[in-house]
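Let me begin by presenting the structure, written as structure tokens, before commenting on it.
What's counted below: heavy atoms across the whole structure, side chains too, no hydrogens, waters or symmetry copies.
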Amino acid sequence: MENMQMKRENMQMKHRTIFLKEKLSKLLFSTLFLITVSALSAQVKSISGVVVDNFGEPIGGASVVVDGTTNGDITNMEGKFTLSNVAENAMLKISYIGYVPQTVSVRGQSSFNITLSEDEQQLEEVVVIGYGSMKKNSVTSAISKMDAKAIENRPLARAETALQGQLAGVTVRTTTGEPGADMQIRVRGAASVNASSDPLYVVDGVPISTLTGINPADIESIEVLKDAVSSAIYGSRGSNGVVIVSTKKGKSGKPLISFNASYGIQTLEKKIDLLSAVEWMEFRIKFNDASYLAQAKSKGVNASISDSNADRLSKLGLTAANYNYILDERWFNYMSDEMKSTHTYTPNSQGLSLLDWQDEFYKDAAIQEYNLSVSGGSENTKYLFSGGYLNQEGLATGTSYERAAFRANIESKINKYVSAGLSIAPTYTKSEGVGRANGKDSRSHLVLVSLPVSEPGVGYMTNVEPNDRYLWAGSAASPTYFMKKNIREDETVRLIGNAFLRVTPLEGLRVELSASANYFDLDGATYTYSSTGSTWT
């Protein structure tokens, strides 16, 4: 009996233990749930502010980023910025070239007034000017500089891309969407109304008119001369500013081999919001109805949108089809019952090709780049050999850009007083679809005005051989077939060479004799097939 009583008490104890465990588990779960909900509902807010320098002048182009995220903004010309969805415990990182970066806490603030101080260390940098080099603090307002650190690990098709948003007083923008196309650089704004406002480019002492073919991976530094004093040596050619590019040189020590490879995918940032195929058909029914009623009224004829196509032509006295007044009866396969009930038409089970020209014309595009360099040397002789290849597909069908660039920089100290050097840089570039996808009346323009409807089975091959145009469409031929079929390519070969002999008879006195060569050859090929035009017949 006692054993039975003990067993019963043990069972009761076990049940109480299980009951308490269940209660504790539920309580723990509820607590964790409330903590999770509280964390998920942590305060987020919108913030704004202004970034200025030590003199209270606004800094345009400064970067304001929520630390650890991609949520950021660039200050406008008034130094203002706005950010949304910022956590209460977030930290802001504010930076701009030539100024000491700052980190600011968001907690308890929604409006910010941030002052950036000039970076005194950067003012001690040596910069290249027209006559040689000097400390940046002597000409800080006249020269902007960036080094290789701002360019490394960035797959750039053009060297100018590295300057975007980086240098004060220097505006760099893309004027076309073509891969590898020249970019527009303006130093302190446009300098002329009628003449060119492009700056002069100087690569390792060789003046050139464009940076086409320069491999960004070979660049050691870029200086932009912005005033007349620093660029006076170049005369009138430097009136719009001078962009001086210095390439990498070898350094004393064991041979250093460097290889970099990158691969990325470019995507269209946004599509233009256009009518879909069904929306266009609905709009066209209403447009033709309105056109028909207006024309009938002008002729004093009673008319209704319920009139059939035959009645419309008869009442208007037309013997041939006029596609501004009659309707494609296949449209009603896609319309609402309300639209169907107000019109007279013969049901047709045959469908139409519904198109989205932007999806067809623009595509995700790969960009890949490979760079290999070998450098080294002794105390007397230093060398660098490099080679790079870039292949950039265009977002627009039928466009692409390829670049193969090589470089050899050799410098030797012959004796205590004499040094000599040689730099050779051959480059080959190839561009596909040049000028055909960009600008007014280009294929990109036609993509936006081409009809999103075509005959069944025709699809995007409308109005090109062997297909006629859709009767309610204009005369534009398929822009995608035009870009895919036709040939338009430019092949460029460029060779920049520079050799110098430097004599230093006294400390502080340097006499240098240099010679340079800039060879440029452009071979363009164009062929347009008659089958890609609306007059193919």
Side-chain angles (χ1 to χ4, degrees), residues 177 268 270-289 291 309 312-313 320-335 339 345-365 393-400 432-433 435-488 526-537:
L268 192 67
K270 60 177 289 187
K271 291 167 54 179
I272 303 297
D273 189 14
L274 303 175
L275 294 177
S276 67
V278 174
E279 290 171 336
W280 178 87
M281 287 186 280
E282 183 178 0
F283 168 81
R284 190 59 193 261
I285 290 173
K286 294 177 180 179
F287 175 84
N288 281 22
D289 286 346
S291 299
N309 284 339
R312 294 184 181 208
L313 295 176
N322 187 310
Y323 297 99
N324 287 325
Y325 306 132
I326 64 173
L327 310 174
D328 187 340
E329 295 179 329
R330 293 171 292 183
W331 293 344
F332 292 98
N333 293 332
Y334 307 93
M335 294 298 106
M339 179 71 77
Y345 64 96
T346 302
N348 188 329
S349 60
Q350 187 181 43
L352 293 164
S353 293
L354 309 185
L355 315 176
D356 188 325
W357 284 102
Q358 293 184 88
D359 280 350
E360 176 70 7
F361 189 80
Y362 298 106
K363 62 186 185 302
D364 290 348
E393 296 178 4
L395 291 173
T397 296
T399 61
S400 64
E432 298 274 2
R436 286 188 159 167
N438 173 70
K440 183 181 181 298
D441 296 329
S442 66
R443 301 309 115 179
S444 293
H445 185 202
L446 292 180
V447 163
L448 301 180
V449 299
S450 293
L451 227 59
V453 175
S454 68
E455 291 292 339
V458 172
Y460 295 98
M461 289 289 290
T462 181
N463 209 17
V464 296
E465 190 176 8
N467 303 312
D468 291 326
R469 70 180 179 89
Y470 182 59
L471 295 175
W472 281 263
S475 60
S478 170
T480 52
Y481 183 65
F482 183 94
M483 292 295 295
K484 289 177 181 178
K485 179 73 174 176
N486 293 320
I487 298 170
R488 177 67 184 98
T526 300
Y527 189 85
T528 303
Y529 289 86
S530 60
S531 62
T532 63
S534 59
T535 59
W536 65 267
T537 53

(request) Using the test salt bridge (Lys or Arg N to Asp or Glu O under 4.0 Å), find all partners of Lys484 that sit at least two apart in sequence or belong to another chain. (result) Glu360
(request) Sort and list the pairs that fulfil salt bridge (charged side-chain N to carboxylate O under 4.0 Å, His left out) and have at least one residue in residues 346-358, not counting sequence neighbours. (result) Lys271-Asp356
(message) Under the rule for salt bridge (Lys or Arg N to Asp or Glu O under 4.0 Å), what residues qualify as partners of Lys485, not counting sequence neighbours?
(response) none
(message) Less than 4.5 Å apart, side chain to side chain, heavy atoms only: is that true for Leu354 and Tyr334?
(response) yes
(request) Evaluate the side-chain proximity of Met335 to Val278: yes if any heavy-atom separation is below 4.5 Å, no if none is. (result) yes
(message) Go through it in stages, so that I can follow the logic: the residues are Ile285 and Phe332, the test is side chain to side chain contact (heavy atoms under 4.5 Å, CB included), and I'd like the CA-CA distance, side-chain angles, deciding distance and then a yes or no.
(response) CA-CA 9 Å; Ile285 290 173; Phe332 292 98; 4.0 Å; yes
(message) I'd like to know if the side chain of Glu329 and the backbone of Thr346 have a donor-acceptor N/O pair within less than 3.5 Å.
(response) yes
(message) Applying side chain to side chain donor-acceptor pair (under 3.5 Å) as the test, list every pair that has at least one member in residues 456-471; sequence neighbours left out.
(response) Asp328-Tyr470, Trp331-Tyr470
(message) If the condition is side chain to side chain donor-acceptor pair (under 3.5 Å), which residues does Asn348 pass it with, not counting sequence neighbours?
(response) none
(request) Taking all heavy atoms of Ser349 and all of Asn333, pick out the closest pair and write down the distance. (result) C-ND2, 4.2 Å
(request) With sequence neighbours left out, write down each residue that passes side-chain contact (heavy atoms from CB on, under 4.5 Å) with Asn288, or none if nothing qualifies. (result) Arg284, Leu327, Trp472
(message) If we ignore hydrogens and angles and just use 3.5 Å, is the side chain of Ser534 paired with the main-chain N or O of Ala476 as donor and acceptor?
(response) no
(request) Could you tell me which non-hydrogen atom of Ser353 sits nearest to which non-hydrogen atom of Gly457, and how far apart they are? (result) OG-N, 3.5 Å
(request) Looking only at non-hydrogen atoms, find the nearest pair between Ser450 and Pro479 and report the distance. (result) OG-CD, 4.0 Å
(message) Using side-chain heavy atoms (C-beta onward) and a distance below 4.5 Å, is Pro452 in contact with Leu275?
(response) no
(message) Before you tell me yes or no, could you show the steps for Arg436 and Thr526 under side chain to side chain contact (heavy atoms under 4.5 Å, CB included), namely the whole-Å CA-CA distance, both residues' side-chain angles and the distance that decides it to 0.1 Å?
(response) CA-CA 11 Å; Arg436 286 188 159 167; Thr526 300; 3.5 Å; yes
(request) Identify the heavy atoms of Ser444 and Tyr362 that sit nearest to each other, and give their distance. (result) OG-OH, 3.3 Å
(message) According to salt bridge (charged side-chain N to carboxylate O under 4.0 Å, His left out), does anything in residues 444-461 pair up with another residue at least two apart or in another chain? List the pairs.
(response) Arg330-Glu455
(request) Give the minimum heavy-atom separation between Thr397 and Phe361, together with the two atoms involved. (result) OG1-O, 2.7 Å
(request) For Ser276, check side chain to side chain donor-acceptor pair (under 3.5 Å) against everything at least two apart and list the hits. (result) Glu279
(request) Please identify each residue that fulfils side chain to side chain donor-acceptor pair (under 3.5 Å) with Ser291, with sequence neighbours left out. (result) none
(message) If I compare all heavy atoms of Val464 with all of Ser531, which pair ends up nearest, and what's the gap?
(response) CB-O, 3.4 Å
(message) The criterion is side chain to side chain donor-acceptor pair (under 3.5 Å); which residues satisfy it with Lys270, sequence neighbours excluded?
(response) none
(message) Once salt bridge (Lys or Arg N to Asp or Glu O under 4.0 Å) is applied, do any residues pair with Glu393, and if so which ones, sequence neighbours excluded?
(response) none
(request) Could you pull out all residues at least two apart from Arg443 that satisfy salt bridge (Lys or Arg N to Asp or Glu O under 4.0 Å)? (result) none
(request) Side-chain contact test, heavy atoms from C-beta onward, threshold under 4.5 Å: evaluate it for Arg488 versus Met483 and give yes or no. (result) no
(message) What I'd like to find out is whether the side chain of Leu313 reaches to under 4.5 Å of the side chain of Tyr325, using heavy atoms alone.
(response) no
